[in-house]
Protein chains: 2
Amino acid sequence: MPVSVFQSAPKGAPARTADVYRAAAALMVEKGFGGTSIGDIAQAVGMTKAGLYHHISGKQDMLYQIMKHAVDALERIVCTPVRLIDDPEERLRQLMRLHIQALIGHGLAFATIWSEVNHLVPAHREEIRGRVGEHLELIRETLRELSENGRLRSLDVNIATMHIVNAITGVSRWKFQDFASEEEHLIQETVAYTMAALLKPAP
Amino acid sequence: MPVSVFQSAPKGAPARTADVYRAAAALMVEKGFGGTSIGDIAQAVGMTKAGLYHHISGKQDMLYQIMKHAVDALERIVCTPVRLIDDPEERLRQLMRLHIQALIGHGLAFATIWSEVNHLVPAHREEIRGRVGEHLELIRETLRELSENGRLRSLDVNIATMHIVNAITGVSRWKFQDFASEEEHLIQETVAYTMAALLKPAP
DNA sequence: CCATACCTACCGATCGTTCGGTCACCAGTC
DNA sequence: GACTGGTGACCGAACGATCGGTAGGTATGG
């Protein structure tokens, strides 16, 4: 049983608020921010629109809160543990594995970070972009380390970084339609595919 | 000057209708189907909402028409020329190159095929999914051919196929924000990255 | 007794869509 | 060359539905 992305809402134990965020995230990934109405979200958690507003302060702010929690969880579940791994190759493998597992396991809150950022007001957008940028920097840094060790193929580190996160988020988009119930196989194949793209072949 | 995706609307020369589709596709890729209003599209082409309805028969049908044209163009610009290439490796390289160039060059109509399919009514959704499936089959078949020639690494062909189209569509999402004006470099790096992931290393 | 969690009822704004009408431009006819 | 009729392209105004959001009330648990 994975730790929820929304384990800590504002304060105390508003477990229902977490339900709201979870349902909202799932709907927004499926139908987009503009295509998801407050009424849809309320219905998904068995409430009325008015009842929802006890838990949220507005539609856009809710999106912002979801993304903030998702970015926090990304830091907590993926980045922090992974930074402790010394070997850059193993660090990258674990980063991908943990990120994909988180994406699949915890509702779909994570996915909003990548797909719905531009529905935020500019100030919030910059904040989320910045924090996502830290995550990208972790990948970039690992690639640079691999490069210094002479284990990386000759490639553009910035573009490779984008391809890595693109593969990760891509997997979470397929999971729920084309490749149900093969999670472990999917992760192993994806990690192997990416590693083959990055590393020099074994001599 | 590239051939437009919308070169042939219903009949004759309704050049303005093509403008409408183009603007609609661009807006929908940027803000999603639900987040793009008819008024937005009308404003983008300098018309009123009412005037728009001279060119379209409804919002959902417009999305369907856009996707139909995009799938046709994909067949015409990418699949058909590429099928004439004998060597499977070269065929795959050209497929990626042509697809990315098409995605970047022709407004953004192509991108809707992948991102907005589930806003269609079920009947149309199945139709588009089927035609996109033919495109996936071309990639899968090429991978199988490479495999028979002993040039493919040991990998799951279905998953690899998804990673390939995922990389292609991913590139078109970055292009307009992070990597402006480096199109050729972007394509070369992406093709090299993907080929390294797929092929056995040269002996 | 009071905060929490939710409701019914409603608001103004915006949504997709339709209707009736306008204007430029074309044929054909006298 | 003026007159008529038709057509394609568009607009202003309005339709009912739905949108995000609010006001005020109620039931419940501590």
Side-chain angles (χ1 to χ4, degrees), chain A residues 6 8-67 112 116 118-122 124-125, chain B residues 6 8-67 112 116 118-122 124-125:
Chain A
F6 303 114
S8 65
K11 203 62 178 292
R16 208 67 207 290
T17 303
D19 289 343
V20 171
Y21 285 173
R22 235 188 311 273
L27 284 170
M28 284 178 182
V29 169
E30 189 195 336
K31 311 199 291 176
F33 178 77
T36 304
S37 72
I38 295 286
D40 291 338
I41 300 167
Q43 194 174 1
V45 292
M47 269 194 277
T48 58
K49 286 193 300 173
L52 249 194
Y53 274 82
H54 183 72
H55 299 278
I56 68 176
S57 72
K59 196 189 180 190
Q60 279 207 352
D61 181 74
M62 177 180 54
L63 178 63
Y64 172 59
Q65 298 296 334
I66 289 173
M67 289 192 180
T112 61
E116 310 292 329
N118 41 352
H119 293 105
L120 293 171
V121 296
H124 289 161
R125 180 162 49 211
Chain B
F6 303 114
S8 65
K11 203 63 179 289
R16 208 67 208 290
T17 303
D19 289 345
V20 171
Y21 286 172
R22 236 188 310 272
L27 284 170
M28 285 178 182
V29 169
E30 188 194 337
K31 311 199 291 176
F33 178 76
T36 304
S37 73
I38 294 287
D40 291 339
I41 300 167
Q43 195 175 359
V45 291
M47 270 193 278
T48 58
K49 289 192 293 175
L52 248 194
Y53 274 81
H54 182 73
H55 299 278
I56 69 176
S57 72
K59 196 189 180 190
Q60 279 206 353
D61 181 75
M62 176 179 56
L63 178 61
Y64 171 59
Q65 297 297 333
I66 289 174
M67 289 191 181
T112 62
E116 311 291 330
N118 41 351
H119 292 105
L120 294 172
V121 295
H124 289 160
R125 180 162 48 211

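Lettering follows sequence order; numbering is per chain, from 1. The figures here come from the full heavy-atom set of this structure, side chains too, leaving out hydrogens, waters and symmetry mates.
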Quick one: list whatever passes side-chain hydrogen bond (donor to acceptor under 3.5 Å, both in side chains) with B:H124, sequence neighbours left out.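 Here no residue qualifies.
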What residues, two or more places apart in sequence or in another chain, satisfy side-chain hydrogen bond (donor to acceptor under 3.5 Å, both in side chains) together with B:S37?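 Partners of B:S37 by the side-chain hydrogen bond (donor to acceptor under 3.5 Å, both in side chains) criterion, ordered by chain and then number, come out as B:D40.
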Determine whether a donor-acceptor pair (N or O, by modelled atom type, separation under 3.5 Å) exists between the side chain of A:H55 and the backbone of A:V20.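 No.
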With a 3.5 Å distance limit and no angle check, can you tell me whether A:T36 reaches the backbone of A:L27 through a side-chain donor-acceptor pair?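 Answer holds: yes.
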Considering residues at least two apart in sequence or located in another chain, which fulfil the side chain to side chain contact (heavy atoms under 4.5 Å, CB included) criterion with B:Q60?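 So B:Q60 forms a side chain to side chain contact (heavy atoms under 4.5 Å, CB included) with B:F33, B:V121.
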With A:A23 via side chain to side chain contact (heavy atoms under 4.5 Å, CB included) - residues at least two apart: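 Here the qualifying residues are A:A44, A:V45.
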State whether A:H54 places a side-chain N or O below 4.0 Å from either non-bridging phosphate oxygen (OP1 or OP2) of C:dA5.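 Looking at the OP1 and OP2 atoms of C:dA5, one of them is under 4.0 Å from a side-chain N or O of A:H54.
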Check the phosphate of C:dT4 against A:R16, side-chain N and O only, distance under 4.0 Å to OP1 or OP2. Yes or no?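 No, no such contact exists.
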Length of the line joining [X]:[atom1] and [N]:[atom2], which is rounded to integer Å:
X     : N      : atom1 : atom2 : result
B:D61 : C:dT18 : CG    : P     : 12 Å
A:M28 : D:dG20 : CE    : C1'   : 12 Å
B:K59 : D:dT18 : NZ    : P     : 14 Å
B:H55 : C:dT17 : NE2   : P     : 16 Å
B:Q60 : C:dC15 : CD    : C1'   : 14 Å

Which parts of residues 35-48 of chain B get close to DNA chain C, meaning a heavy atom less than 4.0 angstrom away?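 The answer is B:T36, B:S37, B:I38.
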Quick check: do B:I56 and B:I41 have side-chain heavy atoms less than 4.5 Å from each other?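 Not in contact.
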Can you list every pair that meets salt bridge (charged side-chain N to carboxylate O under 4.0 Å, His left out) and has a residue in residues 47-61 of chain A, with sequence neighbours left out?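 For residues 47-61 of chain A: none.
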Encode nucleotides 22-30 of chain D as B, S and - characters from 5' to 3', where the letter depends on protein heavy atoms closer than 4.0 Å: B to the base, S only to sugar-phosphate, - to neither. BB-------
